[in-house]
Amino acid sequence: MTYAQQKLAEEKVFKDPVHRYIHVRDQVIWDLVGTREFQRLRRIRQLGTTYLTFHGAEHSRFNHSLGVYEIIRRIVDDVFAPRPEWDNSERLLCLCAALLHDLGHGPFSHSFEKVFELDHEDFTQEIILGDTQVNQVLTKVSPDFPQKVADVIAKTYENKQVISLISSQIDADRMDYLQRDAYFTGVSYGHFDMERILRVLRPVDDQVVIKSSGMHAVEDYIMSRYQMYWQVYFHPVTRSSEVILTKILHRAKELSSKGYKFAYEPRHFKSMFTGNVTLKDYLNLDESVVTYYFQMWEDEKDPILRDLCDRFMQRRLFKYVEFDPSKEYKKLNQLEQLFKEAELDPDYYLVVDSSSDLPYDFYRPGEEEERVPIHLLMPGGEIKELSRQSEIVDAISGKRRTDHKLYYPKDCLMDDTSHKETKQKILDILGVTER
């Protein structure tokens, strides 16, 4: 028996609050879970700073990755395996790609990426193909197997059915994180009938489609996703904590570039600051390391870094007002000048943050970020795009919703021991009346 076919002597199970149990029978999967790189995901939160808004949101990318694996395992073993349209030789590839799809996430994920201009998908592929324990396991399957897994994650693999299971508008990744994030944040928005969706998934040609009888379950899924984005992922308080986190990293990077002598030298960040990030440096960073530095920097001499770190660690977040930068740019210019007069650096204490989401879209050739639509398999065998059959989905298709907020330190503006008149002008412009 080859390594790819090798099974554990006894099935391993992970108790899971979303899927009840996660089942592992393949030796390859069990070995991947035990690698250094995959275990690191225990120390990366799935929802970044959302725990400062929803206190239960402490779950990790390790939890989520196992969940995505379990959904894919159920699809390929229970739904697709007997169907002639499915090539079951792709089974292990699907399982490995599902398990490893988030392997390259850094601490606080997207905020971290924006500051240092990194891409977690690039690092996922680098971990899979580089000098890592994960690569050693995958190479034991076959010399070209790591490249196949990387190609699935990069969406360049030749079998589009495999890609759509991992990454599409209705994929295992989204089906897990919507339910898992809803569970741990305590909200009810992210729940939908996943069991029904799994039962009606079908492999057809180069895609995965939904039997038309399952259309209403898909409608429910899309609306759940819409609600989760606006009630949880784009929550204004979470965005405030992300703004402060981002500004801490920007400040530390700026100070380093100017030769500032840190009391607590950020050696883990050195290559991030210079833009020469090695895979080893990247993997040595997790959220426990980052928050350690934030805690140490609460005692730094630099007043901005010290204050921002204290705000993040003690949850003294910025307040916000509604703000449309396209219409109120003159107000922003005025505020920036007044902040300088009040000795508050507008680069760090006056921040416009925008969130945008497109809940569902159909294929629009030539546009950026083209989305492969969800297709329905009709009783007669024809394939029809979802929004052409669903009035609910048609109503939101292609409609991007954007929200803008202006974040500021209200506590500083309420402190009238200095620059009292200037601060009052700022409060008047912001429309803040409560002191």
Side-chain angles (χ1 to χ4, degrees), residues 16-20 22 46-47 50 54 56-57 59 63-64 67-76 78-80 98 101 161 164-204 207-235 355-363 371-379 382-401 403:
D16 187 73
V18 176
H19 306 302
R20 295 190 65 241
I22 291 167
Q46 174 69 15
L47 288 181
T50 302
F54 299 92
H59 57 303
N63 307 149
H64 166 62
V68 177
Y69 153 81
E70 176 61 15
I71 293 174
I72 291 293
R73 187 199 65 77
R74 291 179 59 185
I75 293 172
V76 298
D78 302 339
V79 183
F80 284 11
H101 77 286
Q161 285 182 354
S164 65
L165 287 173
I166 309 296
S167 179
S168 65
Q169 291 198 74
I170 184 165
D171 57 29
D173 181 24
R174 296 186 191 196
M175 283 193 277
D176 182 81
Y177 75 60
L178 289 175
Q179 296 177 92
R180 191 169 300 278
D181 296 347
Y183 177 89
F184 282 101
T185 55
V187 303
S188 60
Y189 311 111
H191 300 295
F192 57 92
D193 192 351
M194 186 184 76
E195 300 299 322
R196 177 63 176 158
I197 291 175
L198 296 188
R199 284 175 59 86
V200 296
L201 284 175
R202 294 292 183 269
V204 175
Q207 62 182 316
V208 175
V209 301
I210 309 283
K211 283 180 64 178
S212 61
S213 59
M215 183 181 75
H216 299 300
V218 178
E219 291 174 337
D220 190 28
Y221 155 84
I222 290 174
M223 295 311 296
S224 293
R225 181 189 178 282
Y226 175 83
Q227 294 288 1
M228 281 294 287
Y229 267 77
W230 290 104
Q231 300 299 325
V232 176
Y233 304 138
F234 293 161
H235 194 290
S355 295
S356 179
D357 181 50
L358 184 62
Y360 177 77
D361 201 9
F362 45 85
Y363 184 71
R371 295 186 171 200
V372 177
I374 299 172
H375 283 118
L376 299 177
L377 177 62
M378 307 307 291
E382 66 270 35
I383 303 293
K384 294 192 176 181
E385 190 269 317
L386 175 63
S387 68
R388 301 294 184 262
Q389 300 298 119
S390 167
E391 293 182 2
I392 292 174
V393 176
D394 181 55
I396 62 172
S397 291
K399 293 180 173 61
R400 183 174 294 278
R401 177 181 168 186
D403 176 70

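Note that the coordinates shown come from a computational prediction; the quantities given were computed from them, not determined experimentally.
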Show your working on side chain to side chain contact (heavy atoms under 4.5 Å, CB included) between I210 and R202 and close with a plain yes or no.
CA-CA 6 Å; I210 309 283; R202 294 292 183 269; over 6 Å; no
Hits for side chain to side chain contact (heavy atoms under 4.5 Å, CB included) against Q389, two or more places apart or cross-chain, chain-then-number order -> M215, L376, M378, K384
Taking ring pair (Phe, Tyr, Trp, His ring centres under 6.0 Å) as the definition, give me every residue that meets it alongside [X], ordered by chain and number, with sequence neighbours left out.
X	answer
H19	none
Y229	Y233, F234
F80	W86
F192	Y221

I'd like to check the side-chain hydrogen bond (donor to acceptor under 3.5 Å, both in side chains) partners of [X]; sequence neighbours left out, ordered by chain and number.
X	result
H235	none
S355	R239
H216	E219
R401	Y226

Across all chains, not counting sequence neighbours, the salt bridge (Lys or Arg N to Asp or Glu O under 4.0 Å) partners of R74 are E195
message: Do V187 and V232 have side chains that approach each other closer than 4.5 Å (heavy atoms only, starting at C-beta)?
response: yes
Query - Exam field: side chain S224 to backbone Y189, donor-acceptor pair closer than 3.5 Å - result: yes
Could you tell me whether a side-chain N or O of D171 sits under 3.5 Å from a main-chain N or O of S168, the two making a donor and an acceptor?
yes
Quick note, salt bridge (Lys or Arg N to Asp or Glu O under 4.0 Å) partners involving residues 178-194, not counting sequence neighbours, are D16-R180, D176-R180
### Task
Taking atom types as modelled, find out whether Q207 and H375 have a side-chain donor-acceptor pair closer than 3.5 angstrom.
yes
Closest heavy-atom pair, A57 versus T185, reported as atoms and distance to 0.1 Å, is CB-CG2, 4.0 Å
Atom CD of E391 with >12 non-hydrogen neighbours under 6.0 angstrom
no
Side chain to side chain contact (heavy atoms under 4.5 Å, CB included) with S164: of V209, V208, L201, only one passes, and it is V208
